[in-house]
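To keep things clear, I will list the structure first and then write my remarks on it.
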Amino acid sequence: MSNILHVILTGGVGSRLWPLSRKSKPKQYLNLFQGKSLFEMTLERNFGIASDVVVVGNTDNRILSEEALEKAGVSHYHEIVESTPRNTAAAIAFAAFEAESNDILVVTPSDHIINGIDGYRKTILEAIGLASEGYLVTFGINPLRPETGYGYIEYSGNDVVAFHEKPDLDRAKQFLTTGRFLWNSGMFCFKAGIFLEELKQFEPEIYEASKKAWENMNDGVLDLELSLKIPSQSVDYAVMERSKRIKVIPASFDWSDLGSFEAIYDYLKDMGHTVDEHGNMIIGTDKYTVFLGLKNTIFISTDDANLILNKENAQDVKKIYALLEQANSHLLN
């Protein structure tokens, strides 16, 4: 009988959520969501589905993950600490090597928010059924708008017709009108052994180098020198876009990767966070703040930085992050 393992990928710094999200505390660990973090919520919605947890993270967020696991009451789990990021193909391979070949992996990022737990569980159980038959399952999200920040999956039933890279706005609008496209969620479900077979077939170098790094792991930490020899490649390109065993399930739940302040704004507004009559919102401070002559503006305040932006310009925050990174600014820490 197969065990169900919940694999949580914890990489990423959430650059579009600066100054809230920092290298020392990325967005998945911020307690912004009714006193909980996205990491905790990711754990909790998979209780009762998975029999065990595998956390794949890095040296910078190891303590944060361990604190969140303890807070959520999870005392037994597998921990794999990357000495250097090698992208999602290798990260998932490490988890697959940690599992038994027949174990089914439910792979999720740690920084998504999902509403509709019944629909979520129904979708996951459907995916587990397909994974039991030897398929690699990806989850698609019904698009709500012509989004240029996500990859798309063209589909028919549970069959994948094609994967499409992030489109420009005109192409995204075309995708939306056809009804044949889903957002690529970055969530997956498959047997550990099947995934490794496909990885070995399509990317033998990633397979062999990841296996060697995993075999030489010390106290859950992967060797740096061996890790640097692993080609850095996404699981989408390495396996999902090339395998003939792929199935897709349109999600029966509301989903957001909360990858921008526009998404944060929409979520907090739905949760009852204060918005003034002109659509302006304050995040991070209780100080009396007035918006004069402004509409749909978000004011984000932290101890050492403030950000003021129009909601529609939320994607541009990553440009500020990039400039600060070039300057080696302490404001990223």
Side-chain angles (χ1 to χ4, degrees), residues 1-9 11 50 52 54-56 78 80 82-109 124 126-140 150-166 182 184-217 222-223 225-249:
M1 182 177 176
S2 301
N3 290 317
I4 312 298
L5 305 185
H6 180 203
V7 178
I8 306 179
L9 307 180
D52 210 344
V54 182
V55 179
V56 184
H78 303 264
I80 300 171
E82 295 180 295
S83 300
T84 183
R86 305 314 294 161
N87 217 316
T88 50
I92 295 171
F94 299 141
F97 285 125
E98 189 78 6
E100 298 295 330
S101 179
N102 247 2
D103 288 345
I104 292 175
L105 310 182
V106 177
V107 182
T108 71
I124 294 294
E126 184 180 350
I128 289 170
L130 287 172
S132 299
E133 297 173 19
Y135 291 108
L136 304 176
V137 183
T138 185
F139 298 84
Y150 302 144
Y152 284 72
I153 301 169
E154 187 176 356
Y155 78 109
S156 175
N158 290 127
D159 294 325
V160 173
V161 176
F163 288 89
H164 297 266
E165 299 299 319
K166 296 174 183 177
L182 302 165
N184 191 344
S185 71
M187 296 168 54
F188 311 99
C189 182
F190 35 66
K191 284 186 178 180
I194 297 293
F195 173 78
L196 291 174
E197 284 177 19
E198 297 295 272
L199 180 65
K200 188 174 184 179
Q201 176 184 345
F202 297 112
E203 292 292 341
E205 190 178 353
I206 295 177
Y207 174 90
E208 295 295 346
S210 298
K211 187 171 188 286
K212 190 168 184 179
W214 175 78
E215 288 173 340
N216 288 274
M217 189 166 53
L222 297 163
D223 180 79
E225 185 177 343
L226 292 174
S227 296
L228 287 169
K229 295 178 181 178
I230 304 170
S232 178
Q233 200 171 105
S234 74
V235 68
D236 288 303
Y237 181 77
V239 175
M240 304 305 287
E241 295 179 13
R242 299 155 82 180
S243 173
K244 303 301 183 186
R245 295 178 169 183
I246 305 300
K247 293 290 184 182
V248 63
I249 297 180

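Side chains included, hydrogens not; waters and symmetry mates left out as well; all remaining heavy atoms used.
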Check: Does the distance from a Lys or Arg side-chain N to an Asp or Glu carboxylate O, for Glu82 and Arg86, drop under 4.0 Å?
Finding: no
Notebook entry, point to check: Would you call Glu197 and Arg245 a salt bridge, taking side-chain N to carboxylate O under 4.0 Å as the test?
Noted result: yes
Next item on the list: Begin with the C-alpha distance, continue with both residues' side-chain angles, and end with the deciding distance and a verdict on side-chain contact (heavy atoms from CB on, under 4.5 Å) for Val7 and Thr108.
Entry: CA-CA 6 Å; Val7 178; Thr108 71; over 6 Å; no
Notebook entry, point to check: Residues two or more places apart in sequence or in another chain: which of them pass side chain to side chain contact (heavy atoms under 4.5 Å, CB included) with Ser132?
Noted result: Ile104, Ile128
Next item on the list: State, yes or no, whether a side-chain contact exists between Tyr150 and Lys166 at a heavy-atom distance under 4.5 Å.
Entry: no
Check: Counting heavy atoms not belonging to Glu208, are there more than 12 under 6.0 Å from its CD?
Finding: yes
Next item on the list: Can you sort out the partners of Ala192 under side chain to side chain contact (heavy atoms under 4.5 Å, CB included), two or more places apart, ordered by chain and number?
Entry: Ala96, Ala99, Leu105
Next item on the list: Would you check if there is a donor-acceptor pair between the side chains of Asp52 and His78 at a distance under 3.5 Å?
Entry: yes
Margin query: Does any part of the side chain of Ile8, heavy atoms only, come nearer than 4.5 Å to the side chain of Val54, both counted from C-beta?
Written below: no
Notebook entry, point to check: With a 4.5 Å limit on heavy-atom distance, are the side chains of Thr138 and Asn184 in contact?
Noted result: yes
Checklist line | Heavy-atom neighbours of Glu100 CD exceed 12 at 6.0 Å | finding: no
Item checked: Contact summary for Lys229 and Ala209, nearest pair of heavy atoms -> O-CB, 3.9 Å
Next item on the list: State the CG-OG distance between Leu228 and Ser83, to the nearest 0.5 angstrom.
Entry: 8.5 Å
Notebook entry, point to check: Of the non-hydrogen atoms in His6 and Val106, which two are nearest, and what is the gap between them?
Noted result: CD2-O, 3.4 Å
Next item on the list: Hey, could you give me the CD/NZ distance between Glu205 and Lys200, rounded to the nearest 0.5 Å?
Entry: 14.5 Å
Item checked: Heavy-atom pair of closest approach, residues Gly186 and Pro109 -> O-CD, 3.5 Å
Item checked: Closest heavy-atom pair and its distance - Ala131, Val137 -> N-CG2, 4.1 Å
Item checked: Taking every non-hydrogen atom, the tightest pair across Thr88 and Val235 -> OG1-N, 2.8 Å
Item checked: Donor-acceptor contact present, side-chain Ser210 to main-chain Ala90, <3.5 Å -> no
Margin query: I need the Ser243 OG to Ile194 CD1 distance, nearest 0.5 Å.
Written below: 9.0 Å
Item checked: Heavy-atom check, side chain of Ile246 versus side chain of Phe190, under 4.5 Å -> no
Item checked: Heavy-atom side-chain proximity of Leu136 to Phe188 below 4.5 angstrom -> no
Check: Is the count of non-hydrogen atoms from other residues, nucleotides or ligands lying under 6.0 Å from Tyr135 atom OH greater than 12?
Finding: no
Check: Looking at Phe139 and Ala127, what are the two nearest heavy atoms and their distance?
Finding: CZ-CB, 3.4 Å
Checklist line | N-O pairing of Asp103 and Lys191 below 4.0 Å | finding: no
Item checked: Counterpart residues, side chain to side chain donor-acceptor pair (under 3.5 Å), relative to Tyr155 (two or more places apart) -> none
Checklist line | Beyond-backbone contact of Tyr237 with Phe202, side-chain heavy atoms, under 4.5 angstrom | finding: no
Check: Are Ile92 and Phe195 side-chain neighbours, meaning at least one heavy-atom pair lies under 4.5 Å?
Finding: yes
Next item on the list: Using side chain to side chain donor-acceptor pair (under 3.5 Å) as the criterion, list what pairs up with Glu203, not counting sequence neighbours.
Entry: Arg242
Check: Taking only residues two or more places apart in sequence or in another chain, which ones pass side chain to side chain contact (heavy atoms under 4.5 Å, CB included) with Asn87?
Finding: Ser232, Ser234
Next item on the list: Taking side chain to side chain contact (heavy atoms under 4.5 Å, CB included) as the test, write out the residues that go with Glu126, two or more places apart.
Entry: Asn158, Ile249
Margin query: Is the shortest side-chain heavy-atom distance between Lys247 and Val160 below 4.5 Å?
Written below: no
Checklist line | Rounded distance [0.5 Å steps], NZ in Lys211 versus CG in Leu199 | finding: 12.5 Å
